[in-house]
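One-based numbering, in listed order, for ligands and for the atoms of each.
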Amino acid sequence: MAGTSAAWGVVVVAAGRGTRMGTAESKQYLLLQDKPVLVHTLEIFESMAEIREIALVVGSMDVERCEALVAQYGLSKVRAVVAGGSERQHSVLRGLHALDTEWVMVHDGVRPLVSPAAVRACAAAAQQSEAAVLAVPVKDTIKQVNEEGVIVATPDRRSLWAIQTPQAFRRALLLEAHEKAADSGFVGTDDAVVVERFGGVPVVVAEGEYTNIKITTPEDMPWAEFLLKRPK
Ligand SMILES: Nc1ccn([C@@H]2O[C@H](COP(=O)(O)OP(=O)(O)OP(=O)(O)O)[C@@H](O)[C@H]2O)c(=O)n1
Ligand SMILES: C[C@](O)(CO)[C@H](O)COP(=O)(O)O
């Protein structure tokens with residue numbers, strides 16, 4: 001982004017049910033400092049000059065509600081609010097069809113703390129390789145455990161990274177990989193794996209920040225409140 005005139009589109013995915021949060025309200029609509037989590041997320045990209053347009057993907061029952069949020073908060077870069085699918089991957093593909101920039105990022109609507117600097121680092125890495133993800137080195141020892149609860153492998157921690165979003169790609173590459181994945185019935189948990197499997201190009205890691213948390217379970221909300229209060 002820095003120093004380039006590339007036009008970026010962002011797919012913000014927020015069509016999940018948030019079952020692990022255990023709240024009646026889907027977690028993307030829970031309030032952080034009196035503002036929905038999703039709005040915090042959208043405002044990050046709205047504030048960045050390098051971002052030209054946003055495709056917001058939400059639950060089919062939430063389209064009108066989110067169109068109202070977009071108007072209420074003046075999110076002028078949101079080009080479309082579209083209904084998502086049963087899996088995150090399906091939601092991403094629906095968002096991709098609503099953008100026509102050369103470069104795209106996919107970001108979780110429930111990651112409201114990513115910094116513009118980290119977004120720019122991911123974008124810059126993608127423009128070198130066509131595909132990049134934000135990630136941080138894992139701090140804990142990670143082990144593979146079988147169904148009986150027995151440890152079967154301990155990968156070398158030096159090679160393990162916790163993958164985040166945004167994930168950034170040349171749009172044509174990501175769209176073709178997603179369409180091949182849909183044809184094959186493959187469903188992964190992030191967009192990088194779709195490109196790893198069907199894109200034919202290496203996906204690189206751009207080091208992000210540990211504060212770029214994905215709001216998933218109840219204890220994530222007070223943690224996010226604390227992080228939001230930190231001086232910028
Ligand atoms: N069919 C889906 C599933 C998930 N997401 C979005 O993908 C992001 C990451 O997914 P996750 O944190 O798993 O959210 P949920 O699927 O809602 O959570 P859970 O698995 O606890 O139900 C979230 O912003 C979520 O709204 C989506 O757009 N469409
Ligand atoms: C895309 C992602 O945030 C990268 O860590 C993660 O895979 C999303 O997983 P979820 O189960 O859909 O939250």
Closest non-hydrogen atom pair between Glu209 and Ala118, with its separation: OE1-CB, 3.7 Å
Heavy atoms of Trp161 and Val138 approach each other most closely as C-CG1, 3.9 Å
What are the polar N/O contacts of ligand 2 with the protein below 3.5 Å, with distances?
from     : atom 1 : to     : atom 2 : distance (Å)
ligand 2 : 3 (O)  : Asp108 : OD2    : 2.6
ligand 2 : 3 (O)  : Arg111 : NH2    : 3.0
ligand 2 : 5 (O)  : Arg111 : NH2    : 3.4
ligand 2 : 5 (O)  : Ile163 : O      : 2.6
ligand 2 : 7 (O)  : Thr189 : O      : 2.7
ligand 2 : 11 (O) : Arg20  : NH2    : 3.1
ligand 2 : 13 (O) : Arg20  : NH2    : 3.3
ligand 2 : 13 (O) : Lys214 : NZ     : 2.6

At what distance is the nearest protein heavy atom to [atom], and which residue and atom is it?
{"atom": "atom 1 (N) of ligand 1", "value": "Gly85 O, 2.9 Å"}
{"atom": "atom 14 (O) of ligand 1", "value": "Lys27 NZ, 3.3 Å"}
{"atom": "atom 8 (C) of ligand 1", "value": "Asp108 OD1, 3.5 Å"}
{"atom": "atom 28 (O) of ligand 1", "value": "Ala15 N, 2.9 Å"}
{"atom": "atom 13 (O) of ligand 1", "value": "Arg20 NH2, 2.7 Å"}
{"atom": "atom 16 (O) of ligand 1", "value": "Gly16 CA, 4.0 Å"}
{"atom": "atom 15 (P) of ligand 1", "value": "Gly18 N, 3.7 Å"}
{"atom": "atom 24 (O) of ligand 1", "value": "Val13 O, 2.8 Å"}

Does Val57 share a hydrophobic cluster with Ile215, counting links as ILVMFWY side-chain heavy atoms below 4.5 Å and allowing steps through other members? no
Out of curiosity, is Gly84 lining ligand 1, as in a heavy atom under 4.0 Å away? no
Say whether Arg111 and ligand 1 are in contact under the criterion: heavy-atom distance to a ligand atom below 4.0 Å. no
Name the one of Thr41, Ile213, Asn212 that satisfies side-chain contact (heavy atoms from CB on, under 4.5 Å) with Val114? Asn212
For Cys122 and Met105: C-alpha separation, side-chain torsions, deciding distance, then whether side chain to side chain contact (heavy atoms under 4.5 Å, CB included) applies. CA-CA 9 Å; Cys122 186; Met105 293 184 199; 5.7 Å; no
Less than 4.0 Å between atom 22 (O) of ligand 1 and some protein heavy atom, yes or no? yes
Quick one, Glu46 with Lys77, criterion salt bridge (Lys or Arg N to Asp or Glu O under 4.0 Å). Give me CA distance, side-chain angles, the key distance, then yes/no. CA-CA 6 Å; Glu46 182 78 21; Lys77 293 184 180 179; 5.8 Å; no
Please check if atom CZ in Arg65 has more than 12 non-hydrogen atoms from other residues, nucleotides or ligands closer than 6.0 Å. yes
Kindly check if the number of other-residue, nucleotide or ligand heavy atoms within 6.0 Å of CD (Glu176) is above 12? no
Would you kindly say whether Glu219 and Thr217 are connected by a side-chain donor-acceptor distance under 3.5 Å? yes
Which residues satisfy the salt bridge (charged side-chain N to carboxylate O under 4.0 Å, His left out) test with Asp183, sequence neighbours excluded? none
Does Glu102 come within less than 4.0 Å of Arg171, counting only side-chain N to carboxylate O? no
Can you tell me which portion of [X] lies within the under-4.0 Å heavy-atom range of ligand 1? Options are side chain, backbone, both, or neither.
{"X": "Lys214", "answer": "side chain"}
{"X": "Ser86", "answer": "backbone"}
{"X": "Arg88", "answer": "both"}

Under 4.0 Å from a heavy atom of [X]: give me the atoms of ligand 1 that qualify, with their elements.
{"X": "Thr19", "result": "19 (P), 21 (O), 22 (O)"}
{"X": "Glu87", "result": "1 (N), 2 (C)"}
{"X": "Ser91", "result": "1 (N), 2 (C), 27 (C), 28 (O), 29 (N)"}

For ligand 1, find out whether one of its N or O atoms is nearer than 3.5 Å to an N or O atom of Gly109. yes
Hey, is ligand 1 close enough to Arg17 that some N/O pair sits below 3.5 Å? yes
I'd like to know whether Asp220 forms a salt bridge (Lys or Arg N to Asp or Glu O under 4.0 Å) with Arg111, so could you lay out the CA-CA distance, the side-chain angles of the two residues, the decisive distance to 0.1 Å, and finally the verdict. CA-CA 11 Å; Asp220 294 328; Arg111 286 185 187 267; over 6 Å; no
If you round to the nearest 0.5 Å, how far is CD of Gln164 from NZ of Lys214? 11.0 Å
Who are the side-chain hydrogen bond (donor to acceptor under 3.5 Å, both in side chains) partners of Arg88, not counting sequence neighbours? Asp108, Asp191
Non-neighbouring partners of Glu67 that pass side-chain contact (heavy atoms from CB on, under 4.5 Å), sequence neighbours left out: Val63, Glu64, Val81
